[in-house]
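Any value given below was found using the heavy atoms of this structure, including those in side chains, with hydrogens, waters and symmetry copies removed. Everything quoted here is computed from the prediction, not taken from an experiment.
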Amino acid sequence: MNKTVSFDYKPALEFVEQREIDRMGEIVSHSKEELLTREGLGKDFLGWIDLPVDYDKEELERIKEAAKTIRDDSEVFVVIGIGGSYLGARAAIEFLTPSFNNQLTKEQRGGAPEVYFAGKDISGSYLNDLIRIIGDRDFSVNVISKSGTTTEPAIAFRIFKKMLEKKYGPEGAAKRIYATTDKARGALRSMADEEGYTTFVIPDDVGGRFSVLTPVGLLPIAVAGGDVDALLEGAAAQRKISLDKDFDENPSLQYAALRNLFLREGKVMEVLVDYEPSLHNLAEWWKQLYGESEGKDGRGLFPASYDLSTDLHSLGQFIQDGTRIMFETVLNVENPPSDVTIDEEPVDIDGINYLSGKTFDFVNKNAMHGTRLAHTDGQVPNLIVNIPQQDAFSLGSLFYFFEFAVGVSGYTLGINPFDQPGVEAYKRNMFGLLGKPGYEDLTEDLKKRLQ
């Protein structure tokens with residue numbers, strides 16, 4: 001039977017009292033009701049709330065058909081997007097597939113092409129390396145952008161569009177370009193309609209960082225072999241809990257409450273901790289979701305992450321004994337997809353024979369428990385999110401758990417968790433320095449400031 005994620009705040013009870021949690025529970029429950037009335041701040045971007053049960057069924061079938069075509073005709077699949085246009089898909093693919101998936105044969109990948117990401121930065125070196133990886137092999141592209149004018153993906157798409165047209169001709173290239181964009185307007189929509197690309201729609205009422213369960217995430221996940229039906233089922237199961245359950249049985253509300261309690265007590269940083277390398281980009285997705293949602297009006301927790309036990313050998317000293325500004329939220333995969341047993345050696349030179357017969361997961365879990373005890377002793381509170389297993393259902397549940405919690409948490413902070421006005425500042429300066437038409441008035445001032 002599939003299980004949803006669970007939340008455990010017992011390790012934090014030596015830092016906050018249950019009565020404080022119960023009081024904050026009343027506050028976040030009010031924030032939940034405000035969210036569900038759909039009359040609060042950012043009310044035009046709440047489509048994600050019902051997305052797991054109210055998605056376009058016909059479009060989902062089109063996604064599956066497109067994924068099958070791409071899997072059949074492509075050895076490489078390039079996803080072009082930035083921020084929410086790629087982070088969810090990348091997190092999901094790395095969560096659901098083997099660690100070195102692109103290095104396996106296509107047969108070992110179950111017929112999936114190699115999946116790479118572009119348009120997430122402005123590095124010519126990275127782009128050249130990716131072009132060399134593709135070589136003369138057959139490939140397809142999924143360009144993801146509501147407007148089609150976001151600088152990073154737009155310039156990357158120019159390069160890959162030209163490569164496709166050179167290799168397959170304009171008509172052949174058009175059959176290998178899949179555009180996920182606005183339903184009616186924008187540069188990419190116009191280009192897609194003119195060129196005849198297969199298109200998928202980003203809903204108007206779903207912001208980028210909440211878009212992993214739209215075609216933005218579902219097409220790349222399906223191409224990589226992910227079970228998108230199970231992903232949506234897991235999200236739907238978590239949605240029911242988030243919407244129907246009271247505070248005592250509602251993990252998202254409990255998580256929102258503890259976060260706000262720690263912030264009020266002077267903890268200004270939340271660190272998301274994983275003990276499986278395949279969760280690294282899940283943390284990257286989480287950082288955007290929480291940083292972009294809550295970091296405004298001079299408020300919010302700073303979202304950071306690290307990979308353990310690796311980073312205990314680099315950041316461990318600071319975490320244990322540095323400035324007491326943080327708390328940790330630990331991602332615990334209860335049942336990893338595979339494991340290794342440690343053998344016994346005839347001569348115990350390395351002193352590890354006491355672990356013979358034990359699995360790596362056993363050692364990893366005890367490293368996790370030992371670290372939690374050490375950090376709580378060092379006055380770093382810990383929260384735990386338990387993930388039943390690394391499958392699509394659990395991942396859908398996890399995505400929704402974090403999304404609902406950040407909506408509630410943002411309202412509890414008194415901010416609009418569904419806009420991102422600060423993101424535009426760097427773009428204005430970049431456009432001014434690049435001499436983009438319409439930004440010339442900024443150019444000279446910016447150049448003087450850089451001298």
Check whether Q288 reaches the backbone of W285 with its side chain - one donor and one acceptor, N or O, closer than 3.5 Å. no
Got a sec, which residues hit side chain to side chain contact (heavy atoms under 4.5 Å, CB included) with V363, two or more places apart in sequence or on another chain? I342, L355
Distance-only donor-acceptor check, side chains T4 and S397, under 3.5 Å: no
Please answer whether the main-chain N or O of I352 pairs with a side-chain N or O of D350 as donor and acceptor at a distance below 3.5 Å. yes
Salt-bridge criterion met for E26 and R23 (N-O under 4.0 Å): yes
Parallel, tilted or perpendicular: which one describes the rings of F404 and W48, with boundaries at 30° and 60°? perpendicular
Flag for S123-S125: side-chain donor and acceptor within less than 3.5 Å: no
Does D129 come within less than 4.0 Å of R132, counting only side-chain N to carboxylate O? yes
For E284, the salt bridge (charged side-chain N to carboxylate O under 4.0 Å, His left out) test, sequence neighbours excluded, returns K287
Checking E276 side chain against P336 main chain: does a donor-acceptor pair fall under 3.5 Å? no
Ion pair R38/D205, N-O distance below 4.0 Å: no
Regarding E152 and K120, does a basic nitrogen lie under 4.0 Å from an acidic carboxylate oxygen? no
Does R428 use its side chain to pair, donor to acceptor, with the backbone of Y439 at less than 3.5 Å? no
Decide whether S278 and S99 meet the rule of one side-chain donor and one side-chain acceptor closer than 3.5 Å. no
Heavy-atom nearest pair, P203 first then K146, reads O-NZ, 3.2 Å
Could you tell me whether the side chain of K240 and the main chain of A235 form a donor-acceptor pair under 3.5 Å? no
Could you tell me whether F139 and F77 have their ring centroids closer than 6.0 angstrom? no
Could you tell me whether R239 and E403 have a side-chain N and a carboxylate O separated by less than 4.0 Å? no
Expected output: side-chain D311 to main-chain S309 donor-acceptor under 3.5 Å: no
Name the residue from N382, T371, T376 that meets the side-chain hydrogen bond (donor to acceptor under 3.5 Å, both in side chains) definition with E328. N382
Quick one: closest heavy-atom pair of D248 and Q254, and the distance? O-NE2, 3.0 Å
Applying side-chain hydrogen bond (donor to acceptor under 3.5 Å, both in side chains) between N332 and each of N386, D8, D274, report the one that passes. N386
Show the numbers, then the answer: is there a side-chain contact (heavy atoms from CB on, under 4.5 Å) between Q379 and F327? CA-CA 9 Å; Q379 301 304 299; F327 67 94; over 6 Å; no
Check: F45 ring centroid to F210 ring centroid under 6.0 Å: no
Counting only pairs under 3.5 Å, give me each side-chain donor-acceptor contact of residues 214-225, with atom names and distances, residues two or more places apart or in other chains.
residue: T214; atom: OG1; partner: S211; partner atom: O; Å: 2.7
residue: T214; atom: OG1; partner: V216; partner atom: N; Å: 3.2

Could you tell me how the ring of F200 sits relative to the ring of Y178: parallel (under 30°), tilted (30 to 60°) or perpendicular (over 60°)? parallel
For L253 and K245: C-alpha separation, side-chain torsions, deciding distance, then whether side-chain contact (heavy atoms from CB on, under 4.5 Å) applies. CA-CA 9 Å; L253 294 189; K245 295 294 185 181; over 6 Å; no
For F418, does its backbone N or O pair with a side-chain atom of N416 as donor and acceptor, under 3.5 Å? yes
Beyond-backbone contact of L35 with I49, side-chain heavy atoms, under 4.5 angstrom: yes
For P277, enumerate each residue passing the side chain to side chain contact (heavy atoms under 4.5 Å, CB included) test, keeping only those at least two apart in sequence or located in another chain. none
From NZ (K32) to OG (S242), nearest 0.5 Å: 8.0 Å
Once rounded to the nearest 0.5 Å, what's the spacing between atom CD1 of I387 and atom NZ of K3? 12.5 Å
Assess the pair Y255 and Y9: is the distance between their ring centroids shorter than 6.0 Å? no
Going by atom types only, do D22 and Q18 share a side-chain donor-acceptor pair under 3.5 Å? yes
Under a 3.5 Å distance rule, please check whether R299 uses its side chain to pair with a backbone N or O of E294 as donor and acceptor. no
Look up atom CG in N260 and atom CD1 in I21, then write down how far apart they are to the nearest 0.5 Å. 12.5 Å
For Y55, is there any backbone N or O sitting under 3.5 Å from a side-chain donor or acceptor partner on K57? yes
Mind checking the CD1-NZ spacing from I80 to K161? Nearest 0.5 Å is all I need. 11.5 Å
Test the K436-F431 pair against the cation-pi criterion, namely NZ or CZ under 6.0 angstrom from the six-membered ring centroid and within 45° of the ring axis. yes
So which heavy atom on V201 is nearest to which on E59, and how close? N-OE2, 3.1 Å
Ring geometry between F7 and F401 (parallel below 30°, tilted from 30 to 60°, perpendicular above 60°): tilted
Under the side chain to side chain donor-acceptor pair (under 3.5 Å) rule, collect the residues that match up with Q420, sequence neighbours excluded. R209
Please determine, by modelled atom types, if S394 and D391 share a side-chain donor-acceptor pair under 3.5 angstrom. yes
Enter the distance from L301:CG to E270:CD here, rounded to the nearest 0.5 Å. 6.0 Å
Residues pairing under ring pair (Phe, Tyr, Trp, His ring centres under 6.0 Å) where one sits in residues 17-42, two or more places apart or in two chains, turn out to be none
Go through the steps for N250 and V28 under the test side-chain contact (heavy atoms from CB on, under 4.5 Å), then give the verdict. CA-CA 11 Å; N250 195 317; V28 298; over 6 Å; no
Going from CG on L308 to CG on L312, what distance comes out if it is rounded to the nearest 0.5 angstrom? 4.5 Å
Non-hydrogen atoms of P113 and I70 that approach each other most closely: CG-CG2, 4.4 Å
Hydrogens and angles aside, do T181 and R189 bring a side-chain donor and acceptor to less than 3.5 Å of each other? no
Closest heavy-atom contact between S293 and V406? CB-CG2, 3.7 Å
